[in-house]
Enquirer: 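The structure that follows is given in the form of structure tokens.
All ligand and atom numbering here is 1-based and tracks the order in the structure. Quick note: residue numbers are just sequence positions, from 1.
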Amino acid sequence: MLADSYGRVATDLRVSLTDRCNLRCSYCMPPEGLDWLPGPAQLTDDELIRLLSIAVGRLGITEVRFTGGEPLLRRGLTGIVARTAALAPRPEISLTTNGIGLTRLAGPLRDAGLDRINVSLDTLSTATFVELAKRDRLADVLAGLSAAAWSGLAPVKVNAVLMRGVNDHEAPDLLQFCLDHGYQLRFIEQMPLDAQHGWRRENMVTADEILQALSAKFTLTPDDQKARGSAPAESFLVDGGPARVGVIGSVTRPFCGACDRVRLTADGQVRNCLFARQESDLRTPLRAGADDGDLAERWRQAVASKLPGHGINDPGFLQPSRPMSAIGG
Ligand code: SAM
């Protein structure tokens, strides 16, 4: 089991499959992109599956979420999902994606064993999409969303990040769109994880502001708090339900006390928090021939030292040295 010294147990593993992305969302990375990880630095499929087998077989991981970067860019993704689904005990398998390429991949991923999907959608306007993501791909994202739902990955979840003066006026429209299509929408407060270090607290659209904007058009009723568990989103019934909307107040309403997550980067580093300032290297011992017991013990130690909170609101907070795309959002 992956326990830390504050009594939390990590059961939810976020795996970054690549740091590359085909969008350049300004809250994540600069228009010119980043110095991507060189190929040999990344875990091979076999190395990744070996670590996943240790995670589910020895360490109590029950959910594996593939992310990035853009996980649909990882060659062999369908095979990785199938091999993960064959592990014992079989974990729940989910994917966070920008949706580009799902028209081709949603069905095969579903057939390979993918259980759930989150698609990121921040705007319904082509012009705003291009301004925010620096690529003209909104139509591909919307087509990918439909493909996910048609392939049986329903209910499709949608993640949206609002940026002041860019898309913050779209909160009610995004919710109406998701209600119309049967998607479950969750807004995420913008976090200081962009590679350019451009995050400013005063520019962040807060959970309070998001709820206020939605309340202009919808009646929101807080959902049963006991059902929230370790879920990061606060859930609200929309117009009496059954539809819901979530708000993830990572900065203004942190939920670190209930955190059950641990992360594995594309180059085989364990991170016990998105904002951790240290990583634990599993790739080097793995390649040097360490056995499963040794790797499991290193992983346990990496989680044991997890801090009680992410520290964003502490004086002197420093962003982690690696950006969101490398850590895996
Ligand atoms: N490329 C995939 C995608 O677009 O969903 C997966 C990786 S992306 C880093 C995962 C999620 O993190 C997306 O929903 C994205 O909007 C969100 N994200 C990225 N940078 C963020 C930031 N600085 N603050 C909050 N959420 C962020």
Enquirer: Measure from the side-chain N and O atoms of Glu297 to the backbone N and O of Asp294, and report whether any donor-acceptor pair falls under 3.5 Å.
Expert: no
Enquirer: Got the closest protein heavy atom to atom 2 (C) of ligand 1, with its distance?
Expert: Glu70 OE1, 3.3 Å
Enquirer: Of all the atoms in ligand 1, which lie at a distance below 4.0 Å from a heavy atom belonging to Asn159?
Expert: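 Ligand 1 atoms under the 4.0 Å threshold to Asn159: 14 (O).
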Enquirer: Salt-bridged, Asp239 to Lys217, with N to O below 4.0 Å?
Expert: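 Result for this pair is no, no salt bridge flagged.
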Enquirer: Are there over 12 heavy-atom neighbours, none belonging to Trp36, within less than 6.0 Å of that residue's CH2?
Expert: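 Atom CH2 in Trp36 is crowded, with more than 12 foreign heavy atoms closer than 6.0 Å.
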Enquirer: Could you check atom 27 (C) of ligand 1 against the protein and tell me its nearest heavy-atom contact, residue, atom and distance included?
Expert: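 The closest heavy atom on the protein side is Met324 CE, 3.6 Å.
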Enquirer: Numbering the atoms of ligand 1 from 1, which are under 4.0 Å from a heavy atom of Thr97?
Expert: 2 (C), 3 (C), 4 (O), 5 (O)
Enquirer: Considering Trp199, Phe187, Phe66, Tyr27, which one's heavy-atom position lies nearest to atom 20 (N) of ligand 1?
Expert: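 Nearest heavy atom to atom 20 (N) of ligand 1 lies in Tyr27.
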Enquirer: Can you list the atoms of ligand 1 that are under 4.0 Å from a heavy atom of Gln190?
Expert: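 Near Gln190, the atoms of ligand 1 are 24 (N), 25 (C).
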Enquirer: For ligand 1, which is the ligand I care about here, please tell me if Met191 has any N or O atom under 3.5 Å from one of the ligand's N or O atoms.
Expert: yes
Enquirer: Between Leu102 and Ala148, which heavy-atom pair has the shortest distance, and what is it?
Expert: CD1-CB, 4.1 Å
Enquirer: Starting from the C-alpha separation in whole Å, work towards a yes-or-no answer on salt bridge (Lys or Arg N to Asp or Glu O under 4.0 Å) for Asp260 and Arg8.
Expert: CA-CA 7 Å; Asp260 63 355; Arg8 296 165 299 188; over 6 Å; no
Enquirer: Which atoms of ligand 1 sit under 4.0 Å from any heavy atom of Gly69?
Expert: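 Those of ligand 1 that fall under 4.0 Å from Gly69 are 1 (N), 2 (C), 6 (C), 7 (C).
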Enquirer: Using heavy-atom distances only, which candidate in Thr67, Leu72, Val161, Leu73 approaches atom 26 (N) of ligand 1 most closely?
Expert: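 Selected option, by shortest heavy-atom distance: Val161.
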Enquirer: Ser325 versus ligand 1: do any nitrogen or oxygen atoms come within less than 3.5 Å of each other?
Expert: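 No; the residue has no nitrogen or oxygen that sits under 3.5 Å from a nitrogen or oxygen of the ligand.
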Enquirer: So Ile327 and Pro320, do their side chains get closer than 4.5 Å, heavy atoms only?
Expert: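 Yes, close enough: below the 4.5 Å cut-off.
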Enquirer: For atom 10 (C) of ligand 1, find the nearest protein heavy atom and state the residue, atom name and distance (0.1 Å precision).
Expert: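 For atom 10 (C) of ligand 1, the nearest protein heavy atom comes out as Thr96 CG2, 3.8 Å.
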Enquirer: Would you say the side-chain atoms of Asp281 pair up with the backbone N or O of Gln269, donor to acceptor, closer than 3.5 Å?
Expert: no
Enquirer: With a sphere of 6.0 Å drawn around CG of Asp35, does it hold more than 12 non-hydrogen atoms of other residues, nucleotides or ligands?
Expert: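 Open.
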Enquirer: Ile54 and Leu17: same hydrophobic cluster, using ILVMFWY side-chain contacts below 4.5 Å?
Expert: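 Yes: a chain of side-chain contacts under 4.5 Å links Ile54 to Leu17.
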Enquirer: With heavy atoms of Asn98 as the reference, note each atom of ligand 1 found under 4.0 Å away.
Expert: 2 (C), 3 (C), 4 (O), 5 (O)
Enquirer: Which ligand 1 atoms does Gly68 reach within 4.0 Å, using its non-hydrogen atoms?
Expert: 7 (C), 9 (C)
Enquirer: Only heavy atoms of Ser120, strictly under 4.0 Å: list the atoms of ligand 1 that pass.
Expert: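 Answer, ordered by atom number: 3 (C), 4 (O), 5 (O), 13 (C), 14 (O).
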